[in-house]
Amino acid sequence: MSRPIMAIINQTALQKNLSIVRNIASRSRLWAVIKANAYGHGIERVWKSLSYADGFALLNIHEALLLREKGFQKPILLLEGFFHPNDLTILHRYHLTTIVHSQWQIEALKKAHLSSPLDVYLKINCGMNRLGFQTKDVRAVWHQLQKSKNVGMVTLMAHFSKAESVQDVTESMTKLAQASKGLNCNISLANSAATLWHPRTHFQWVRPGIILYGVSPGGCLKNISSSGFLPVMTLSSKIIAIQRLVAGSQVGYSHNYRANRTQKIGIIACGYADGYPHHAPTGTPVMVAGSMTHTIGAISMDMMAVDLTTCPQARIGSLVELWGNNVRINDVASMSGTIGYELMCALSSRVPVTIE
Ligand SMILES: *Cc1c(COP(=O)(O)O)cnc(C)c1O
C-alpha cells in the first residue's frame, strides 16, 4: 500500500464556485485565473470544470499552449505579459491576449511583423508599484498603442493592492477614472475580493482566482461560506501510529511539546515535505475520524502528531483531514503566519492527487 497521504480535487465544487461568481458578477465576462498551476490544483485537472468561464488568465506561455493543444479556443490572458519580443510570434499564432506593462513591450509590439493584430490589456499602476504605467502616462501610452497596426482591442486593467479595503479601492478607482477619462474601452479591475465585496469594480471583465477554489481571499471563510462556496482541495492522510504519553513525556523535534497528563496521541503521515506548513504551532486544527482535534509539537518533514483526547474512536488507519470541508485552509494558514494562497500553491509534487 502506498503512503496514505492524498489531495482530492472536487470538480463539482469548482463548477459550483464558478457559477456563484458568475451570478455575483452577472453583467461581466469572467477570466478564471489559473496561474501557479491553478493555485496548486493542477491546470490539467481543473481546466475542463472551469471552461465555462469566458477565458483563462495565467502566466506561462507553455501553459497557454497546453490549453490550446487540449482544444480550448476562448481567450487566454498572460498576466505578466510577454517576456521577450520573440514571444510575440507565438502569441499571435495561438491567439493569446497579453498584458502590456512597460514601454519596451510597446516598442516590441510596434516592430513586430504580425499578419493580424493582438488584443492587449494596458496595465495601470494604481498604487501597488509592481507592474504597469503611471496614471499620468496612460493617455499617451493608449494613443501609442492605438496607432500600431499590430494592436487590436485595448482593455484597461489594474490590480488592487488592498481589495478588502473600501478606502483603498475608492482611491484607486478615482485615480483610474481620471487617467482614463474619455477613453472608450473595456475595463478589468476585480480580483476575487473586489468581485465579492465591491460590485462597482466589476466593469466588463472580472478576474477571480482564489474564490474559484472555494477559499476566501480575506483569510476569513465566514465572509464567503454564506454564499455557498465550497473548498475544492482536501488534503487527507491517515493515522499510522498511536502513542500513549505519561505526564512529562515530550513529543517531536526539539521536544517542543510536553504532556502534563496521560495522553493518547496519533502520528499522521503528513509533514512539511508534503506542503503542510512547518510553522504550524501546537493547536492547529486537524480532523481525525470525524472529530476535530489539533496538532501537538513540531511538524516534521514527513510526520506530525495530534492529540487524540477528543477522538476516542481513532485507530491506526483512521482518516485525517488536514484541510478541506471541515478544516479551513485559511485557519491552518493564519495560525502558521501565512495565507491560504501559499498553502494551496505549495502542495508538494510527492502528494498523489485524485479527482472526484
Ligand atoms: C492573481 C491575480 C488575480 C486573482 O487574484 P485572487 O485574489 O486570487 O482572486 C487577478 N488579477 C491579477 C493581475 C492577478 O495577478
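All ligand and atom numbering here is 1-based and tracks the order in the structure.
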| query | Judged by atom type as modelled, is there a donor-acceptor pair below 3.5 Å linking the side chain of Gln105 to the main-chain atoms of His101? | reply | yes
| query | Can Lys70 and Glu44 be counted as an ion pair, charged N to O under 4.0 angstrom? | reply | yes
| query | Any Lys/Arg nitrogen of Asp307 or Arg261 sitting under 4.0 Å from an Asp/Glu carboxylate oxygen of the other? | reply | yes
| Tell me, do Val154 and Gln146 make a side-chain contact under 4.5 Å, heavy atoms counted? | yes
| note | For Ile210, the atoms of ligand 1 under 4.0 Å from one of its heavy atoms are 6 (P), 8 (O), 9 (O)
| note | shortest atom 2 (C) of ligand 1-to-protein heavy-atom contact is with Lys35 NZ, 2.6 Å
| query | Looking at the rings of Trp104 and Phe82, which for Trp means the six-membered one, are their centres under 6.0 Å apart? | reply | yes
| task | Could you check atom 11 (N) of ligand 1 against the protein and tell me its nearest heavy-atom contact, residue, atom and distance included? | result | Arg207 NE, 2.9 Å
| said: Checking salt bridge (Lys or Arg N to Asp or Glu O under 4.0 Å) between Asp54 and each of Arg22, Lys74, Arg29, Arg207, which is the one that passes? | reply: Arg22
| request: Identify, by atom number and element, the atoms of ligand 1 in contact range of Tyr341, meaning under 4.0 Å from any of its heavy atoms. | output: 6 (P), 7 (O), 8 (O)
| request: Could you tell me whether some N/O pair between Pro217 and ligand 1 is separated by less than 3.5 angstrom? | output: no
| request: Compute the shortest N/O to N/O distance between Ser192 and ligand 1 and return yes if it is under 3.5 Å, no if not. | output: yes
| said: If I apply the N/O under 3.5 Å rule, does Ala193 come out as touching ligand 1? | reply: no
| message | Can you tell me if Glu356 has over 12 outside heavy atoms packed within less than 6.0 Å of its CD? | response | yes
| Does ligand 1 have any atom that is closer than 4.0 Å to a heavy atom of Tyr39? | yes
| request: Report the part of Asn191 (side chain from C-beta onward, or backbone N, CA, C, O) that has a heavy atom under 4.0 Å from ligand 1; answer both or neither where that applies. | output: both
